Amino acid sequence: MSNRRSFLRKSALAGALTLLGVGVWRRNESRANHKSNDPTGSIFNDSTPTVALSTWRFGLKANAEAWSVLSKGGKSLDAVEAGVRVVEADPQERSVGYGGRPDRDGHVTLDACIMDELGNAGSVAFLQHIMHPVSVARAIMERTPHIMLCGSGALEFALKEGFKKQNLLTPESEAEWRRWLKDARYTPVVNIENHDTIGMLVRDTEGRISGACTTSGMAWKMHGRVGDSPLIGAGLYVDGQVGASTATGHGEEVIRIAGSHLVVELMRQGRTAEEACREAVNRAHAMFVRRGRDLRDTQIGFLAMRADGQAGAFALRNGFSYARTLDGGDTQLLNSPFLLP
Ligand code: ASP
């Protein structure tokens, strides 16, 4: 409770300082543990940091929404769900939820999962017609004895739970798909432009960490394809004692190394968040090379947070960004370090 009060006090103070034009960023920077070699910043010295991290530029709006939950004393589980729902509902974001690019047959199929610090988890894969797969995943977690539902069974469950059936294919995404069909010869492609996932990790005022991950997956994928994002251990993993990780990019490569679980295990062994993400990327890269694959059009990125709030990211290639909001509410969009030029 005292943490919550101090968070509310800090948030109110930060708001006042912002109004006065005083940056709160410096305050957080000076609190950072510069002994860490994590160039994306560490907040290791703060015993009760509240932190929101999420992938890509759309993470900025997700963090803002998550922060409004946290600033009312809300739980990290509610914050991650609320945060990623903003991106799921935005038709301008063409790789998540409503307005997501369809598969090669023109169907928008969604993957999502959610997990809390106790190991409670819910997941939904190959779900159609429902705007908020993350909330379906949470309902599976809270109202069934299972972790994961897929396809028509997941849809049936969602409708029974009162989720509304709707058309998720916007005219913009349909037009793009029709253009793709003309010269794609119906062959699924992987490239850096045709995907992106919102993965979000939050630590609340009580030190609880939760994560959520949601995507429409790779554009023009085969009907029925499921990526890493709904797979607990691949697209997301949370261990309240150790930390949490989420992934984005070429899902098949993340699945191959059980990526997010690997990152959490590496943090358990003492790595910082960034070191753990870097080692997971190295592992995926080595496997890719051993299989003789062409890496040119591939990207994977990991985002991680240790249980104490220390945060970091690492990607295969340049271009992966993530939004980080720290105690006080100040947010930055940061470029992840990367392996290949
Ligand atoms: N990981 C997602 C997938 O493979 C896509 C992405 O995050 O870019 O479906």
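First listed ligand is number 1; within each ligand, the first listed atom is number 1. Small disclaimer: the values here were computed from a predicted structure and weren't measured.
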Salt bridge check: are [X] and [Y] linked by an N-O gap of less than 4.0 Å?
{"X": "R278", "Y": "E275", "value": "no"}
{"X": "R271", "Y": "E279", "value": "yes"}
{"X": "R179", "Y": "E176", "value": "no"}

TODO: Work out whether the distance between some heavy atom of R225 and some atom of ligand 1 is less than 4.0 Å.
DONE: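 Heavy atoms of R225 do come under 4.0 Å of ligand 1.
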
TODO: Return the set of residues passing side-chain contact (heavy atoms from CB on, under 4.5 Å) with A82 (not counting sequence neighbours), or none when no residue passes.
DONE: E65, V69

Going by the atom numbers of ligand 1, which of them fall below 4.0 Å from some non-hydrogen atom of [X]?
{"X": "D228", "result": "1 (N), 2 (C), 3 (C), 4 (O)"}
{"X": "S229", "result": "1 (N), 2 (C)"}
{"X": "T248", "result": "6 (C), 7 (O), 8 (O)"}
{"X": "M218", "result": "9 (O)"}

Open item on the list: Check for me whether the distance between the ring centres of F320 and W56 falls short of 6.0 Å.
Closed with: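 Centroid separation for F320 and W56: below 6.0 Å.
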
[X], any N or O under 3.5 Å of ligand 1 N or O:
{"X": "E252", "answer": "no"}
{"X": "H250", "answer": "no"}
{"X": "D111", "answer": "no"}
{"X": "A247", "answer": "no"}

Task: Heavy-atom nearest option to atom 5 (C) of ligand 1, drawn from S95, G217, G249, G235 - done: G249

- [ ] Would you tell me whether D103 and H223 have side-chain atoms, one donor and one acceptor, within less than 3.5 Å of each other?
- [x]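 Present: a donor and an acceptor within the cut-off.
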
Open item on the list: Give me the residue, atom name and distance of the protein heavy atom closest to atom 8 (O) of ligand 1.
Closed with: H195 ND1, 2.4 Å

Open item on the list: Among all protein heavy atoms in this structure, tell me which lies nearest to atom 7 (O) of ligand 1, with the distance rounded to 0.1 Å.
Closed with: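 The closest heavy atom on the protein side is T197 OG1, 2.5 Å.
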
- [ ] Evaluate side-chain hydrogen bond (donor to acceptor under 3.5 Å, both in side chains) for N63 paired with S54, printing each intermediate quantity in order.
- [x] CA-CA 7 Å; N63 280 18; S54 46; 2.5 Å; yes

Task: Gap separating the CD atom of Q332 from the CZ atom of R324, nearest 0.5 angstrom - done: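 That separation rounds to 6.0 Å.
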
